[in-house]
2 protein chains.
Amino acid sequence: MNEKKKRIIATAKELIALYGFKKTTMDEIAAKARMGKSSMYYYFKNKEDIFAEIVRIDSDLFRQKLNDAIQKAYSPQDKIMQYIRTRMLHLKELSNYYKTLTNEYLDHYFFIEQVRGDFYNFENNTLSTLINEGIQQNVFTPCDVDVVVHLIAIAIKGLEYPLFIQKEQDLERDSKQMMEIIFKGIEVRA
Amino acid sequence: MNEKKKRIIATAKELIALYGFKKTTMDEIAAKARMGKSSMYYYFKNKEDIFAEIVRIDSDLFRQKLNDAIQKAYSPQDKIMQYIRTRMLHLKELSNYYKTLTNEYLDHYFFIEQVRGDFYNFENNTLSTLINEGIQQNVFTPCDVDVVVHLIAIAIKGLEYPLFIQKEQDLERDSKQMMEIIFKGIEVRA
DNA sequence: AATTAGACTGAAATACAGAATTGGTCGAAT
DNA sequence: ATTCGACCAATTCTGTATTTCAGTCTAATT
């Protein structure tokens, strides 16, 4: 990517993290990135486009991080646990970074829905693959994979909310214990 | 309860279901209940008080409904399933009735938090009792009851969202299948 | 041709004053 | 004890004047 483009992205990201999307003006970004406002329109279609690019890059990195975490673990159970752990830690980090960004009015931007949808699919596919691998390896008992994925996804989402209140260890303990039950529910019995 | 008081509650409930809390004026309620506005202040401290009473009554009925459902079932698993089923159906009904009432600005009324908290406690206690009964009856394996309750609560909450979109049967099928996994996870093994 | 910038525009947000609405009170009537 | 109309203060609404800001245009620069 072009150096100027990177600078715009970096500056915009910085300001948006501080003030939110709406309150960050194109003039501010231009000033802080040391260039004329219209120069930015040479690289980006509009303001939303900058934001969309930031979100796109971040979510790519997120997905990569999750894939790395899975790769590093061995058993299907551990892969799933590492997925959840990584996901939680990243989301916590994110929520700290974008303190001012309240979800409510983010919903008004179409590409957020897009990213949300993409991530939903990614998560479903990833978990599906892991469960299927477990069945293949005779670790999990053959079952309706979609339902298991749904249950895990819901459990993860349920843990999302207290992300902003609870302590990190508690969350990890909770998710571990909850997953143990689910694993017991789908593991092949000796 | 006094007849007039009942009439105020009924009228207010009707109007609030139609227009929401904020848009329903005391004058309207008074007019529709065929009495002077200030007469209502003889029975209620203020507007919020009327609303609070409505919510209190409704949530009492809800709790009673749930207790009835539990009583009618026999096995611990069935009791839990019936609890979930009844809870879902009631919430669906509620959401149909109070179409205009969007949660967002209900949060601003303190007693909603109160009721939410009360219900949270009720749900926790109820599920705890059921799980403990299951352990007592040697149906569930002894385990950290709090974690199991947390998992079930989260799963239920996760099913809450699509309540407004999904079909009823799907929800029932989903919850049934998900609970089967959790039950398998905590049942005593033969 | 690719890039940059300053001036400009129209639409949307904001600020604000005056008017209307509405939750709640009071004293009189029953 | 209960009901009510008149009233009040505060909030909300409404229309308008002002400002802000995303995005464009054109000309200059590399």
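Remember, it's a predicted structure, so these values are computed and weren't measured experimentally. To find a chain, count down the sequence lines: A is the first, B the second, and so on, and within it residues start at 1.
Ion pairing between B:Asp60 and B:Arg63 holds under the 4.0 Å rule for side-chain N and carboxylate O. Ion pairing between a basic and an acidic side chain is recognised when a charged N comes within 4.0 Å of a carboxylate O; B:Glu53 and B:Arg56 show such pairing.
Taking 3.5 Å as the limit, the base of C:dG24 and the side chain of B:Ser38 contain no donor-acceptor pair of atoms between them. A donor-acceptor contact under 3.5 Å links the side chain of B:Lys37 to the base of C:dG23.
Among the protein residues, A:Tyr43 comes within range of the sugar-phosphate backbone only, with heavy atoms under 4.0 Å from sugar or phosphate atoms but none that close to a base.
In this structure, the NZ atom of A:Lys45 is 9 Å from the P atom of D:dG23, given to the nearest Å. A straight line from CZ of A:Phe44 to P of D:dA22 spans 15 Å, rounded to a whole angstrom. What separates CE of A:Met26 from P of D:dT24 is a distance of 10 Å, to the nearest Å.
Projected onto DNA chain D by closest heavy-atom contact, A:Thr24 and B:Gly36 fall at different nucleotides, the more 5' of which corresponds to B:Gly36.
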Might you work through the salt bridge (Lys or Arg N to Asp or Glu O under 4.0 Å) test for B:Arg87 and B:Glu123, ending with a clear yes or no?
-> CA-CA 10 Å; B:Arg87 186 191 195 276; B:Glu123 181 149 290; 2.7 Å; yes

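Proximity note for A:Thr25 (side chain, C-beta onward) versus C:dG24, D:dC21, D:dC4: the nearest is D:dC21. In the set C:dA5, D:dA22, C:dG23, the nucleotide with an atom closest to the side chain of A:Met35 is C:dA5. The side chain of A:Asp27 lies closest to D:dA22, out of C:dG24, D:dC4, D:dA22.
B:Lys37 places no side-chain N or O within 3.5 Å of a backbone atom of B:Asp27 that could act as its donor or acceptor partner.
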